[in-house]
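Here's the structure, in structure tokens; my notes come after.
Every heavy atom of this structure was used, including side-chain atoms; hydrogens, water molecules and symmetry mates were not.
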Amino acid sequence: GQYHPQVWLDRTFAAEQRRVTQLVLERARGAGLATVDTFPRFAIEPAAASFYDNTHLNGRGNAMVASLLAARLPDLS
């Protein structure tokens, strides 16, 4: 699960996006797919929106997601 940068600026928008993303992730897990939710990692950043350029992750944001995926790989084998 990845999130729009507005999530880090608007609590109401964040709550709705979290709700929707959790439903999608639950369905994916139910179908036997591996999932990663990036929210908890980005949420601990003091300025999570700084990991974005416009509506896309920047290099730092992509590196963070890559590290989350790499950490998840051992669980998949």
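Follow the hydrophobic side-chain contacts under 4.5 Å out from Val36 and you reach Val65 in the same cluster.
Screening Gln17, Gln22, Arg18 against Phe39 for a side-chain contact (heavy atoms from CB on, under 4.5 Å) leaves a single residue, Arg18. Checking each of Leu57, Val7, Asn58 against Tyr52 for a side-chain contact (heavy atoms from CB on, under 4.5 Å) leaves exactly one that passes, namely Leu57.
Nearest heavy-atom pair, Pro5 versus Ala49, reported as atom, atom and distance to 0.1 Å: O-CB, 4.5 Å.
The closest donor-acceptor contact from the side chain of Thr38 to the backbone of Gly1 lies under 3.5 Å. Side-chain N or O atoms of Ser50 include one that pairs as donor or acceptor with a backbone N or O of Ala47 at under 3.5 Å.
With sequence neighbours excluded, the residues satisfying ring-ring contact (aromatic ring centres under 6.0 Å, His included) with Phe51 are Phe42.
Of the inter-residue distances, the one linking Glu26 atom CD with Thr35 atom OG1 reads 9.5 Å to the nearest 0.5 angstrom.
Residue pairs meeting the salt bridge (Lys or Arg N to Asp or Glu O under 4.0 Å) criterion with at least one member in residues 55-70: none, sequence neighbours excluded. For the salt bridge (Lys or Arg N to Asp or Glu O under 4.0 Å) condition, the pairs that include at least one residue of residues 65-74, sequence neighbours left out, are Arg72-Asp75.
No donor-acceptor contact under 3.5 angstrom links the side chains of Asp37 and Gln2, judged on distance only.
The distance between the ring centers of Phe13 and Trp8 does not fall below 6.0 angstrom.
Heavy-atom contacts from other residues, nucleotides or ligands closer than 6.0 Å to NE2 of His56 number 12 or fewer.
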